[in-house]
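Atoms considered below: every heavy atom in the structure, side chains included; atoms not considered: hydrogens, waters and symmetry mates.
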Amino acid sequence: MKILISMVLACLLITGCSKNELDREKAMAILQDGHYPQVIDYNIFCNDPEYGSRAIDAGLEDAELVTVKRKVKLIDFGKEPIISFTEKARPYLLKTSAEDRKSWVQKVKLADEELVEVTGILLDASGKTATIEYTTSFKNVTPFAKLDKGDYTKIATHQATFAKYDDGWRWERKKK
């Protein structure tokens, strides 16, 4: 009799644990799998005088991260960049495609966006899709973040849509 009860309890435990229910812990794991943390980047158009002005206004030249040519002869325009990066900026420079480099574009790191918590799960009536609300924060904010209008000091709230497949839940899309 004890063996029978043990087997029934084991079956119930296995069946209960194998249910494909979505909880906050599982949603957090799905969000972290390939989505977070993520690097927030920014394109600097090194041949654009407007970006040169922004870099100066952001204090990047005073911080010795960039040098900005203030006077460029029209005949020399487009032959070399207006903005160049110093050795001190190297840790913030990201891989940039060959096509972008030809156009004098450089990607820079602004910050790392990290997942803080899942704050809510709303299942639709069918139980096959869910809206996930979650928060993120920014870490390792770089001096280049001053070029962007984003506020990297506060926690951001996002929503994502998950869909239920036969093998489990998957992230479908991030809502703005």
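Here the side chain of Ser137 pairs no donor or acceptor atom with the backbone of Ile155 at under 3.5 angstrom. Between the side chain of Arg54 and the main chain of Leu147, no donor-acceptor pair closer than 3.5 Å is present. The main-chain N or O of Ala156 is never found under 3.5 Å from a side-chain atom of Thr135 such that the two would form a donor-acceptor pair. Without hydrogens or angle criteria, Thr142 side chain to Phe144 main chain gives a donor-acceptor distance under 3.5 Å.
Here the closest non-hydrogen pair linking Glu114 and Pro37 is CG-CB, 3.8 Å. Residues Leu123 and Ala130 come closest through the heavy atom pair CD2-CB, 3.6 Å. Listed here is the closest heavy atom pair of Val118 and Arg24: O-NH1, 3.3 Å. Taking every heavy atom of both residues into account, Glu21 and Trp169 meet most closely at C-NE1, 4.0 Å. The two residues Gly52 and Ile83 come nearest to each other via the heavy atoms N-CD1, 3.5 Å.
Tyr42 contributes atom OH, which lies 14.0 Å from atom NZ of Lys146 (distance to the nearest 0.5 angstrom). Rounded to the nearest 0.5 angstrom, Ser103 OG and Asp48 CG are separated by 12.0 Å. Here the CD-OG1 distance, from Gln159 to Thr119, works out to 8.5 Å after rounding to the nearest 0.5 Å. Separation of atoms NE2 (His35) and NE2 (His158) is listed at 13.0 Å; rounding is to 0.5 Å. Atom CG in Leu110 sits 5.5 Å away from atom CG in Asp148 (nearest 0.5 Å). Here the NZ atom belonging to Lys109 is positioned 7.5 Å from the CG atom belonging to Leu94, to the nearest 0.5 angstrom.
Using a 4.5 Å cut-off on side-chain heavy atoms (C-beta onward), Leu60 and Pro143 make contact. Under the 4.5 Å side-chain criterion, counting only non-hydrogen atoms from C-beta, Thr86 is not in contact with Val66. Contact of the Glu133 side chain with the Thr157 side chain is registered, since non-hydrogen atoms from C-beta on lie closer than 4.5 Å. The closest side-chain heavy-atom distance from Leu22 to Ile121 is below 4.5 Å. Trp104 places none of its side-chain heavy atoms less than 4.5 Å from the side chain of Ile44.
For Thr96, the side-chain hydrogen bond (donor to acceptor under 3.5 Å, both in side chains) partners two or more places apart in sequence, or in a different chain, are Gln106. Annotation: ring pair (Phe, Tyr, Trp, His ring centres under 6.0 Å) contacts of Phe85 (sequence neighbours excluded): none. The ring pair (Phe, Tyr, Trp, His ring centres under 6.0 Å) test applied to Tyr51 returns Phe45, not counting sequence neighbours.
With salt bridges taken as basic N to acidic carboxylate O contacts below 4.0 Å, one links Arg70 and Glu61.
For residues 122-132, the set of pairs meeting the salt bridge (charged side-chain N to carboxylate O under 4.0 Å, His left out) definition, not counting sequence neighbours, is empty. Residue pairs meeting the salt bridge (charged side-chain N to carboxylate O under 4.0 Å, His left out) criterion with at least one member in residues 82-95, sequence neighbours excluded, are Glu87-Arg90. Residue pairs meeting the salt bridge (charged side-chain N to carboxylate O under 4.0 Å, His left out) criterion with at least one member in residues 97-108, sequence neighbours excluded: Asp41-Lys107.
Taking the six-membered ring where tryptophan is involved, the planes of Trp171 and Tyr134 are perpendicular, since the angle between them exceeds 60° and thus also 30°.
Neither Ile30 nor Val116 shares a network with the other; the hydrophobic side chains, linked directly or stepwise wherever heavy atoms of I, L, V, M, F, W or Y lie under 4.5 Å apart, form separate groups for each. Criterion: ILVMFWY side-chain heavy atoms under 4.5 Å apart, direct or through other members. Under it, Leu93 and Ile82 are part of a common hydrophobic cluster.
Atom CD of Glu64 has 12 or fewer heavy atoms from other residues, nucleotides or ligands within 6.0 Å.
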Given the rule in the side-chain contact (heavy atoms from CB on, under 4.5 Å) test, do Met28 and Leu115 qualify, once you have shown the distances and angles that lead to the verdict? CA-CA 8 Å; Met28 189 86 156; Leu115 189 60; 3.4 Å; yes
Step by step, would you call Phe162 with Thr131 a side-chain contact (heavy atoms from CB on, under 4.5 Å)? CA-CA 6 Å; Phe162 286 11; Thr131 299; over 6 Å; no
Steps toward side-chain contact (heavy atoms from CB on, under 4.5 Å) verdict (Phe138, Asp112): CA-CA 6 Å; Phe138 299 98; Asp112 293 318; over 6 Å; no
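If you check the side chains of Glu113 and Thr136, you find a donor sitting under 3.5 Å from an acceptor.
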